[in-house]
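Below, all heavy atoms of this structure are taken into account, side chains as well, without hydrogens, waters or symmetry copies. In each ligand, atom 1 is the first atom listed, and ligand 1 is the first ligand listed. Just so it is clear, the structure is predicted and the values come from calculations on it, not from any experiment.
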Amino acid sequence: MRKWFVGLSLTVAATLLSVANIKPATADDFPSRPITLIVPAAAGGPTDAVSRLIAESMGRTLGQQIVVENVGGAGGTIGMTRVAKSPADGYMVTVWHIAQATAPSLYNNLQYDVISDFDSIGRIADVPMTVVGKAALEVKDAKELIAWIKQKKNDVTYAHAGIGSASHLCALMFMSAIDTQMTGLSYRGTGPAMTDLLGGQFDVMCDQTTTTTSQIKESKIKGYAATTKERLKVLPNLPTLDEVGLKGFEVTAWHAMWAPKGLPPDVHKKLSNALQAALKDPKVIERLAALGTEPVKPEQATPEALAAHLKAEVAKWAPVIKAAGVKAN
Ligand code: ASP
């Protein structure tokens with residue numbers, strides 16, 4: 001009996017001691033453990049490239065590692081569902097892009113509200129896109145490409161990162177501009193799609209300069225056109241789609257960081273300050289320039305500016321998508 005009592009007392013004492021040691025997490029301690037950054041697309045793609053760059057720089061500022069986790073599929077909506085349902089404690093963030101604005105128009109059964117279920121951390125960069133083709137394509141320039149697609153129609157294959165992804169949206173706009181449908185192939189991100197394009201397994205794709213620039217420069221794939229209004233500094237020989245006759249064509253994949261809704265204000269501030277610092281980090285600026293883009297202006301990178309931008313983009317794309325008659329489900 002006595003032995004039992006001593007044993008019990010020791011257990012109680014040990015428990016009390018360990019309870020005393022656990023301090024409640026406060027914003028002052030944040031971050032006291034690694035932060036997870038969900039990329040809602042496969043590794044090796046444009047969002048992955050931007051995310052890892054930003055994660056490394058923010059991690060240095062915050063004094064904690066930011067661990068990138070790729071959760072691709074369904075045009076990014078699988079990863080974004082996971083983020084929306086995670087605790088709003090600052091240990092879960094995501095970097096995604098324009099698809100956050102197009103998803104509500106494309107998906108009937110989204111498990112989250114793109115505006116009310118997320119806290120905006122900040123916009124990162126507006127990344128131009130390029131129309132590219134497999135190296136073996138015997139079509140020499142953008143004009144010839146358009147003529148060839150108009151002739152071959154559904155025999156031409158194009159890849160995208162799922163309904164609503166930037167590559168899908170860009171291809172939709174392109175097909176609508178040339179009034180011709182091609183056959184789409186869905187990937188979990190354009191990282192794996194690029195691997196297949198290098199292997200010549202489909203014909204064309206529209207993807208961010210983040211991953212197409214070096215492949216075009218090294219002639220591993222064909223670069224046909226830029227989707228921006230102006231030519232790209234990094235690929236000055238590529239004409240814009242506007243120049244080759246698709247008047248007014250413009251699609252840019254803007255990237256931004258969000259967290260689940262309801263962050264403690266101090267934690268929110270720490271994350272957004274660290275993001276702002278990353279956008280001024282010379283290493284980040286240099287890497288982004290090599291990938292054909294640059295950080296947005298500081299006033300565009302604030303949480304408030306991102307929230308306003310997202311609202312405007314949701315409103316901008318809804319009629320375009322409706323007119324195109326596309327739905328994911
Ligand atoms: N570039 C992709 C898209 O089309 C996503 C990615 O893999 O980053 O949305």
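L137 places a side-chain heavy atom less than 4.5 Å from the side chain of V204.
Under a 4.0 Å criterion applied to the non-hydrogen atoms of A161, ligand 1 contributes the atoms 2 (C), 3 (C), 4 (O). Those atoms of ligand 1 with a heavy atom of S167 less than 4.0 angstrom away are 3 (C), 4 (O), 9 (O). Of all atoms in ligand 1, listed by their number and element, those nearer than 4.0 Å to a heavy atom of S165 are 3 (C), 4 (O), 9 (O). Residue-ligand proximity, G189 to ligand 1, at heavy-atom distances under 4.0 Å covers atoms 7 (O).
Heavy atoms of other residues, nucleotides or ligands lying less than 6.0 angstrom from CD of E299 number more than 12. Counting heavy-atom neighbours within 6.0 Å of E250 CD, excluding the residue itself, gives a total above 12. Around the CD atom of E138, the shell of radius 6.0 Å holds no more than 12 heavy atoms that belong to other residues, nucleotides or ligands. Counted within 6.0 Å of NZ on K247, heavy atoms from surrounding residues, nucleotides or ligands total more than 12; the atom is thus considered enclosed.
A donor-acceptor distance shorter than 3.5 angstrom exists from the side chain of K85 to the backbone of Q111, with no hydrogens or angles considered. Listed for the T157 side chain is a donor-acceptor partner under 3.5 Å among the backbone atoms of D203.
Distances from ligand 1 to the non-hydrogen atoms of P46 include at least one value under 4.0 Å. In this structure, H97 is part of the shell of residues with a heavy atom less than 4.0 angstrom from ligand 1.
Ligand 1 has no nitrogen or oxygen under 3.5 angstrom from a nitrogen or oxygen of D48. At least one N or O atom of A166 sits closer than 3.5 Å to an N or O atom of ligand 1. Ligand 1 has no N or O atom lying under 3.5 Å from any N or O atom of W96, backbone or side chain.
With 3.5 Å as the limit, one finds no donor-acceptor pair spanning the side chains of T190 and S167.
Here D207 has side-chain heavy atoms under 4.0 Å from ligand 1, and that is the only part of it that gets that close. Contacts between A41 and ligand 1, counted as non-hydrogen atom pairs separated by less than 4.0 Å, involve the side chain only.
Using bins of under 30°, 30° to 60° and over 60° for the plane-to-plane angle, the ring pair Y91/F30 lands in the perpendicular bin.
Residue nearest to atom 1 (N) of ligand 1, selected from M205, H168, Q208: Q208 (by heavy-atom distance).
Among protein heavy atoms, the minimum distance from atom 8 (O) of ligand 1 is reached at T47 OG1, 2.6 Å. Nearest to atom 7 (O) of ligand 1 among the protein's heavy atoms is T190 N, 2.9 Å.
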